[in-house]
Structure formats: structure tokens, C-alpha cells
Amino acid sequence: MSTFQTLPGFRDFYPEDFARRHHVFRLWRQSASAFGFSEYDAPVLESLELYKAKSGDEIEAQLFSFTDKGGRDVALRPEMTPTVCRMVGARANALKRPIRWFSIAEFYRYERMQKGRGRCFSQLNADIFGEPGPEAEIELIALLVQCLCAFGLREEDFFVRLSDRNLWYYYLEALGLDESRTRAVLAAIDKYEKSGDAAFDGYAEKFGPLEAGLKEKILGFLQIKSLPAIEHAVAALGVDRLAARLADWRKLIDGLGAMGLSRFVEVDLGVVRGLAYYTGFVFEAFDRKGELRALAGGGRYDDLVAKLGGPALPAVGFAIGDMTFSLLLEQRGLMPTLVFAPDVYCVIGGVPERQAAFGDIHALRAGGFRVDYPLKEVAFGKQFKTAAESGAKLALIYGSDELARGVVKVRDLEQRTEMDVPRADLIATVRDFFSAG
RNA sequence: GCGAUCAUAGCUCAGUUGGUUAGAGCACCAGAUUGUGGAUCUGGGGGUCGCGGGUUCGAGUCCCGUUGGUCGCCCCA
């Protein structure tokens, strides 16, 4: 038991853990790139004010924050959204539209550990700035789906729940609720799935019990699971804004359908997401079995860039966290066991053979091949065993006999065949072997 | 912040009503094995039994505290 260990909630990434994480990052990056998103990064440490400005003073309890030696209040980033808003806001007028950015970064939150949640984790963040219409949501939801499908997950493994805070605002307004009551109702809706009727306790404390007819309408709206049902519920109200909103819904649903993604997306007005800053469509991805916490979440936040000091700039974004996602991949057997196999393992006879081998080893490595060899003199038999265990495809045998004849014995470790290759041809031979595949 | 539960080797775990010097499998290292394969056999390293205190002639075992892990509540950007 060593004296020092990781801080609570933090993780070491031993090579096999690192390989798994890298695999996840690699496919996320590939997916985002395929969608035309540009990658960015930013400091891990930001001004504490940035997060307070977005989320309120209470957020500090959830942050790793401190005062630096210059007296500045700072915090480790708990999320990317404020940072990316700051960055885009600063250059908004110079950036080509649409602004499509993504990042893969590590975040820190001072919270209790739980399944799929730690104090440090990574997220893919993808955002589109400058596009007010649902075309941006189409792109982002499609990217979200692709980021999961890239690993072999299918519609029986996960789905995206789609909702709309604007629809709720307009609907509740049409029902006669003022803004503060609307907020309280949305908070109740957010909790309703978990807490049932108790979700409305908070509302009742502030405003008294919700009138029965009103509550019935709200619960009915909450349980809507399709666009036609929304259209039906809204038509009766005859509100222009609601009708216009439905046009956006139609565009979004049709666009996702045309991409062949309908099977992944479910309309579900029970999702509102707790975050106050969302302004329109919101969506969350879950595993179908419902065993894990949310895999990903996102939505539109048209006011945030301006709120953080930038110009008015509409925005939509989502994030996928690595912890819950990796759990799902492992549950479904989709997390590959990655081995660090060299391409070539060298079996070396003695001191003069080693001198010869070193030249080839370095040339092969410079040529991009992964080459390993025993650092110290080891019996031949043991070297072959090591070569086989290493997972290398080829063994290069440097013995006194081969050295005398100016050749290297190249052994195909899978086929168990071998041939003598003149040393001058070695690199070409190895290259041919691997390009033939 | 609250609650439940757990903690013995790198990993998975045994460890009797409290009783000699704390064990096994896997993994790692070495030998058998001086030119050909993931085997086998033999040996080796590796433990303050999470930490601290208490009870006892004696504690891995019982009690209290504490730290950490796991899971849940609150929260979840």
C-alpha cells in the first residue's frame, strides 16, 4: 500500500485504461470531424466569475476553486460551455458561419462519487453558433447519434429523448402562468419522472397547490410522445407562436427522418433539463435499459453568449461524458481489449549480432514500424517465447549464421514460416508484409 | 451535506468459537532451456491484514473512531 494515492474521485489511467479512453476519444474525434466540426481547446483553469456568471453563486460549492497567488479567484473547469462561449464571443464577427466547434477535454467537479460520476471526467463537447433555426439541431443530434453508433451501439442500445423548453414556455403562458410560476412548473416537470406527484411540492410551497384542471393539462402535455400529439394539443389553443414553433418541430423531425435517424429519436416532453440557460430544443441520450444515468445531453442556449459578455449569438450544443458511456460500452461488450503489440520483435544472438540489429531496428522505427527487442542478452528460446507473447506479427532473427551470410531471418509468427532476407532488402520486405496486410 | 455497505499481495479471494511465523489462484521475475512459440515443472520477489485507538495473556477476526472504495439521496452544468 503506497503512501500516496489519487485524490478521492480521481482516476489513474494505466496503459490498458488509457487505451480504452483513447479508443473512445479517437472515434468521437473521427465522428465530429466527419461532420465538419473543428477542434479547439482552452485552459483547464478559468476565472471563477465565468462560472458564477453562467450558473449563479451557488455553483462554487460544486467547483474545485481557490485563490491564486495573484489574488485571483479561479476554478478548474466543470464544463466547457462558458469557455467556448467566451472564445466564440470574443471573435464572433470574424468567424465563418456556421461556427461548428468541438473539444474533447477533462473536467472537474467537487461532488460525491457515484456510478458513472466522478470528480474528474472527460467530455466531448460539440456546438454550433450563429444558426437560429432547427438545422443546427439536426446536425447536432445526428452527430450525437453517430458518436454512439461509431462504437457499434444500435437503436436497441440507446435513444435520444427530444423536448422543447420554448414549447413549454409558450404552452404554460397560454395556460395563464406567469414567468416565475412557469419556472417552478418546469422544475416539477424535470423531477416528475423520478418523484411522481411529489415533484410539485416545490411549486405548492411557493404558490400554493396547482389548480386541478391546470395540473391535468400540464401532466397531459408532459406525457406527450409524438409530434402529432403536440400538434393536436397546441391546435386547440390557437396561439400564433405555438404554431410557428411547430414548423420548427416539423423541420427537425423531418430532417432527422431523412437522415434515417428516426429510430433513435423519441419525442418526450418530460425532458426539460434543469439548466436555466436552455432556450429551445433540449435532448438527452439514455441507454434503452434505463440502468445508467444520462449518456449525453444538450440543447439550445441562444442567450448565453451575450450573457457572458459577447454579442447576441444563437447556439446549440451537447456533451457526452466518458464515464457512463464507457460503462455502456463495457456492458454491451463493445469495449475492445486493446493490446500494445509491436509489429516486429527482434531475436538477437549475441554482441556482434546486436550491433547489426540496432541499425535495422532504428531504421525500421524511423520508417514507422513498432519494433521491440530484448534490452539484455537472453537465451534464444526465451526470446521466441517473448516474441510470441508480444503479439508481434514478425520476428527478425539475428544469429551468427545469418550475420555471416548478410541476411536476416524473417519469421511470420502466425504462419510459423520463415525466410532469409538480405539485410539491404529488410525494410522493403517488412513494408511489403504489412501493406499486404 | 446525508445514508447504506465494504476494506487481507498488482488482481480475484480464503483465513475455523479470538490462538504458532497470514495463505491460494492468476499476474510478475528467475531456473529447468546456448537457435524456434503463449505449455509444464521448480523456485523467487511482493503484506504495517487501509489507518489509529480500545478490549484481551493473545486481534486479520471483537468494539470505537478515522480514511478510502462502491452504491444510493441531494445535486447533476
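Convention: sequence-line order gives letters A, B, ...; per-chain numbering from 1.
At the heavy-atom level, A:G9 lies under 4.0 Å from the strands shown only through sugar-phosphate atoms. A:Y277 comes within contact range of the sugar-phosphate backbone alone, with a heavy-atom separation under 4.0 Å but no base atom that close.
Counting non-hydrogen atoms of other residues, nucleotides and ligands closer than 6.0 Å to CD of A:E39 gives a total above 12.
Take the nearest nucleotide of RNA chain B for A:T81 and for A:L7: the residue whose nucleotide is more 5' is A:L7.
Stem regions for RNA chain B, each three or more consecutive Watson-Crick or G-U pairs with both distances under 3.5 Å and listed by first number, read B:1-7 with B:67-73, B:10-13 with B:23-26, B:28-32 with B:40-44, B:50-54 with B:62-66.
Qualifying ring-ring contact (aromatic ring centres under 6.0 Å, His included) partners for A:F281, counting only residues two or more places apart in sequence or in other chains: A:W249. With sequence neighbours left out, the side chain to side chain donor-acceptor pair (under 3.5 Å) criterion links A:E418 to A:R411. Residues that satisfy the ring-ring contact (aromatic ring centres under 6.0 Å, His included) test with A:F13, not counting sequence neighbours, are absent from this structure. Annotation: side chain to side chain donor-acceptor pair (under 3.5 Å) contacts of A:Q114 (sequence neighbours excluded): A:R293.
Residue pairs satisfying the salt bridge (Lys or Arg N to Asp or Glu O under 4.0 Å) criterion with at least one member in residues 104-125 of chain A, sequence neighbours excluded, are listed as follows: A:R21-A:E106, A:E111-A:R117. Screening residues 61-73 of chain A for side chain to side chain donor-acceptor pair (under 3.5 Å) gives A:T67-A:D73, A:D68-A:R72 as the qualifying pairs, with residues at least two apart or on separate chains. Pairs of residues two or more places apart, or lying in two chains, that qualify as ring-ring contact (aromatic ring centres under 6.0 Å, His included) and include a residue from residues 310-330 of chain A are A:W28-A:F325, A:F151-A:F325. Among residues at least two apart or in separate chains, there is no ring-ring contact (aromatic ring centres under 6.0 Å, His included) pair with a member in residues 413-432 of chain A.
Within the 4.0 Å cut-off from OP1 or OP2 of B:U36, not a single side-chain nitrogen or oxygen of A:K409 is found. Contact annotation: A:Q114 side-chain N/O to B:C73 OP1/OP2 distance is under 4.0 Å.
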Got a list of side-chain donor-acceptor pairs under 3.5 Å for residues 135-150 of chain A, not counting sequence neighbours?
unit_1: A:E135; atom_1: OE2; unit_2: A:K251; atom_2: NZ; d: 3.3
unit_1: A:E137; atom_1: OE1; unit_2: A:R300; atom_2: NH2; d: 3.0
unit_1: A:E137; atom_1: OE2; unit_2: A:R300; atom_2: NE; d: 2.7

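Residues of residues 382-406 of chain A having a heavy atom closer than 4.0 Å to RNA chain B, listed by number: A:K382, A:F384, A:K385, A:A388, A:E389, A:I397, A:G399, A:S400, A:D401, A:E402. Sorted by residue number, the list of members of residues 346-365 of chain A with any non-hydrogen atom under 4.0 Å from RNA chain B is empty.
Of the possible polar contacts, one joining the A:R165 side chain to the A:V272 backbone as a donor-acceptor pair under 3.5 Å is found.
Put simply, OH on A:Y278 is 12 Å from P on B:C76, counting in whole angstrom units.
A donor N or O paired with an acceptor N or O is not found under 3.5 Å between the base of B:G35 and the side-chain atoms of A:R411. With hydrogens and angles ignored, no donor-acceptor pair closer than 3.5 Å exists between the side chain of A:R112 and the base of B:C74.
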